[in-house]
Amino acid sequence: MREIVTIQIGNYANFIGSHFWNFQDELLGLAESPESDQVFKNHSLDMDVLYRTGETQQGLLTYTPRMVSVNFQGSLGSVSSRGSLYNQIQAKNMDVMTWKGRVTTHASEPLRRNLFLQSLSEEEQEIVGKANDLDNVNNNSPAEIQDKYIVECLESDVQYWTDFSKVHYHPQSLYELSGLWADIQEFDNYGLGKEAFCGHQHGEEIDDRLRFFVEECDHIQGIQCVVDDAGGFSGVSAMFLESIADEYPNVPVILYNARNPSLHMDSEGRKQAISHYLHDAVSFSRLSELCKLIIPVGLPSLSGSRASQFLCIKDEKPYHSSAVYASAMHSFTLPFRMKQSGPSAESLFTSGALDMYGTVQMLAGQMRQNMVTILDVAMPAPSLSDRAQQSFLGNLQPLIPDISEDVEDFHAVETMNIHGAVTSGNQRASINEVKDAVESAYDNSVTRPKFSHLSASTCPLPIPLPFPLIFGNMVGQHGELLETPISGSSSRGSLEVHSIPMATRLRSSTAVLPLLERKLGNLRRFGIERGALGAPLLQSWGFGKDEVEDMGEVLSKMVTTLKPYQYSSDSD
C-alpha cells in the first residue's frame, strides 16, 4: 500500500475537499450496503491509500482521511476543530499569572447545525442505539428528516464547507489560522498571506500536523495539495510547501491550484487591477517551484463554459462550482488508488493503475519536461457507442482559461481516466470496450498525442445526498445523456441522479502557452520593467528586485520549455 496525504489550504480549497471526501465516504458506504449496485461492491480501489485507521480512547475503531485542512478562524461553522469522533475537550486554563484582577470569559453561542448535519447526528445516534440494544433511543427524537428538505436546505443556504460534509475528521486534521477571521479580513493578495504566516507560529503547528500523518505511513507515494490561490492563501501555501520541500525532499507533491469563479470579476480601478495581475503571476511562479506537477483550474464563468454543457451551475455559489472541480479531482486521482493486479493478471474492474511518481514522470519528466498540465473533463461522459466516439473526445473540455484551442502539438503527452462508462443501450462498458473505443476515437481524430496513457474503471462517480442541484434535464438517473429533456425541472441533484460516468484528461501541451505568456507579460510590465507601476506593491509584499526577477525567470523557463527561443532568459 502506498499512502497519499492530502492538504487543503484556503476556503475554496476546502469546499472542493468537502465534496471530494463525500465521494470517498459514499464509495465506502455503497461497498458495504447490501442494496447497492455490484459495480460499487467491486470497485477495486484501495481506500487505505487515502484513509487511516485509528482508535478512540473508548476503544472504538475509526477510519478517517489522512488530511490536513488550513483555513480562516471561524470557517468551520458548527463543526469543532477537534472533530466529533474523539470527543476530546481542550482544558480551559484560567490561571493568569500576571493579572490579579477579575477575569471574565465572553463566548459566542455555537452555530446551529443545518438539517443535513442534524440528520447525520440522528443516524449516528440510531446506530449507537442499535449497537447498545437500546430500544427507546429514538423515542423522543424528532420525525425523520426527509431527504428532499435536506437538499432544498443545502441549495439555499450553504455558508461553510462543513455545512455539507458527511465525513468524520481526525483531531489533527482541521487547523484554523488564529487571528484571521473569515468575515472581517480582506485576504486578497499573496503579500497578506506571507505576512500572516510569518507573523505567527502557524508554520510549526501546521508542520506538526502534517508530520503526524506522514510518519505513520509505511510507504508514502506523495502529497496532493489543493490550494485556493485567488488571495492570501497562496502565500500561506508557499510558506507551507517550502517547509515540506525541506523536510520531505523525495516525496512528490502534486498541486491542484483552484480559483473560485465568483472571484473572477473586473477589478475596480487600475491599482486594484495591477495588484490582481501581480498576485496571479507571483502566486503561480512561487507555487510552481514547490511542487512536481501543477494543475491550475478556475474558469471565469464555469456556468458559461463548454465544460458545463450538461450542467446548471450558479457561479456565485462556491457550493456549485467546487462540486465540478472535486468531481474532476476524484476522477484523475483514481489511478493512484487502483488495486494492482499481478504482472500476468487483468482485472475486470480497473486498468492502468499509476502512482503519483509515475504520473509526474510521464507528464513532466524527460519526455516533455513541462510541469504545467491542462485538466479536461467530460461530466457526465457520453456513451462509448460507435456513433458517439468522436463526440466523446470532443466532450473533454478544459477547466482553465487562456489556452489555445485545436493546437497541433506533436510532442503532447497525456494521461486519461474513464470510469463508469456506458455503451449502447446505456449498458455498463467493460474495460476492454473502453480501451477499444478510445483507440478508435483517436484513430479517427485529426491529431493525437505523442504518448497517451489510459486508466479505466467500471465504477462511476457516486452522487452523495449533499451534492448540489447542478445536473441539467438531459442527464438521467445513472448519468446517461438523454435524447429528450426531462420536463418539469431545469436542474437535478442526488435524488434524481445517483451516479454518473466521468472522463478526465491531464495533458502536457503547448496549448497552455497563452496562460503562461500572460502571467509572464504581466509580471514584466507591472513588476520588472523600468518604472513599473507595481514595483512598490511587490516591495510591500516583501519581495526585493532580485527576487522579482527570479520569479520572472521561472515563468520564462516555463515558456521556453514549450516554445524554445521565443523568449530569452534575460528578464530586462
Side-chain angles (χ1 to χ4, degrees), residues 295 306-307 309-310 328 331-332 334-335 338 341 344-354 358-359 361-368 370 373-400 403-461 479-481 483 500-513 562:
I295 307 168
R306 287 178 297 175
Q309 180 180 356
F310 303 107
S331 180
F332 78 73
L334 273 183
M338 289 179 177
S341 302
S344 60
E346 288 192 10
S347 171
L348 295 175
F349 312 112
T350 61
S351 174
L354 278 175
T359 300
Q361 287 299 107
M362 187 180 301
L363 294 171
Q366 294 298 318
M367 188 175 293
R368 193 58 201 252
N370 165 50
T373 58
I374 298 170
L375 173 60
D376 302 313
V377 65
M379 180 180 180
S383 169
L384 297 180
S385 59
D386 290 340
R387 62 186 178 87
Q389 283 176 4
Q390 274 307 111
S391 68
F392 169 76
L393 289 179
N395 274 42
L396 283 163
Q397 298 295 332
L399 291 178
I400 55 171
I403 64 169
S404 299
E405 306 219 7
D406 301 322
V407 63
E408 288 191 0
D409 182 1
F410 299 107
H411 298 280
V413 179
E414 68 180 38
T415 173
M416 184 187 299
N417 183 56
I418 301 172
H419 58 108
V422 296
T423 185
S424 56
N426 294 318
Q427 298 296 311
R428 300 280 188 200
S430 68
I431 297 297
N432 285 332
E433 286 176 319
V434 173
K435 292 178 179 179
D436 292 343
V438 172
E439 183 62 29
S440 176
Y442 272 122
D443 285 343
N444 295 311
S445 179
V446 176
T447 61
R448 66 183 301 161
K450 180 179 181 180
F451 178 81
S452 178
H453 175 87
L454 175 65
S455 300
S457 168
T458 57
C459 183
L461 178 75
E480 69 275 17
L481 298 179
E483 295 184 0
I500 62 169
M502 285 283 296
T504 51
R505 176 175 61 189
L506 290 174
R507 54 186 168 118
S508 175
S509 166
T510 56
V512 80
L513 267 172
L562 293 172

Can you find a pair of side-chain heavy atoms, one from F349 and one from S457, that are under 4.5 Å apart? no
How many angstroms lie between atom CE of M338 and atom SG of C459, to the nearest 0.5 angstrom? 9.5 Å
Are any non-hydrogen side-chain atoms of L506 and E414 less than 4.5 angstrom apart? no
Smallest separation among heavy atoms of V407 and A511, with atom names: CG1-CB, 3.5 Å
Going through the distances and angles, do D443 and R448 end up as a salt bridge (Lys or Arg N to Asp or Glu O under 4.0 Å)? CA-CA 8 Å; D443 285 343; R448 66 183 301 161; 3.1 Å; yes
What distance separates L384 CG from T423 OG1, expressed to the nearest 0.5 Å? 6.0 Å
Taking the side chain as every heavy atom from C-beta outward, state whether S351 and K435 have any atom pair closer than 4.5 Å. yes
Quick one: does I418's side chain get under 4.5 Å of L454's, heavy atoms only? yes
Any chance you could lay out the side-chain contact (heavy atoms from CB on, under 4.5 Å) test for L399 and D376, step after step, and finish with the verdict? CA-CA 6 Å; L399 291 178; D376 302 313; over 6 Å; no
Once you round to the nearest 0.5 Å, how far does OG of S452 lie from CZ of R507? 11.5 Å
Minimum heavy-atom distance between I500 and P380, given as atom pair plus value: CB-CB, 4.1 Å
Between D409 and T510, is there a donor-acceptor pair closer than 3.5 Å when you use the side chain of the first and the backbone of the second? yes
State, yes or no, whether a side-chain contact exists between V422 and Q427 at a heavy-atom distance under 4.5 Å. no
Heavy-atom check, side chain of F332 versus side chain of L375, under 4.5 Å: yes
Specify the closest pair of heavy atoms between I374 and V512, including all atoms of both residues, with the distance to one decimal. CD1-N, 3.8 Å
Just wondering, do P382 and N395 contact through their side chains at under 4.5 Å, heavy atoms? yes
Which heavy atom of P335 sits nearest to which heavy atom of G352, and what is that distance? CB-O, 4.1 Å
Atom pair CG/OG1 of L348 and T458 - distance to nearest 0.5 Å: 8.5 Å
Which residues pass the side-chain hydrogen bond (donor to acceptor under 3.5 Å, both in side chains) test with Q397, sequence neighbours left out? R306
Looking only at heavy atoms, which two atoms of P398 and A307 are closest? And how far apart? O-CB, 4.3 Å
Ignoring hydrogens and angles, tell me if any N or O in the side chain of S347 forms a donor-acceptor pair with the backbone of T350 under 3.5 Å. yes
How about M416 and L393: do any of their side-chain heavy atoms sit closer than 4.5 Å? yes
Which value, rounded to the nearest 0.5 Å, describes the distance between E433 atom CD and S385 atom OG? 11.0 Å
Examine distances only and state if a side-chain atom of H419 and a backbone atom of A456 form a donor-acceptor pair shorter than 3.5 Å. no
Does a donor on one side chain and an acceptor on the other come within less than 3.5 Å for N417 and T504? no
dist D436:CG -> I431:CD1 (nearest 0.5 Å) comes out at 11.5 Å
Heavy-atom pair with the smallest gap, counting every atom of V434 and A421: CG2-CB, 4.0 Å
Criterion side-chain contact (heavy atoms from CB on, under 4.5 Å) on R505 and T415, from CA distance to verdict: CA-CA 6 Å; R505 176 175 61 189; T415 173; over 6 Å; no
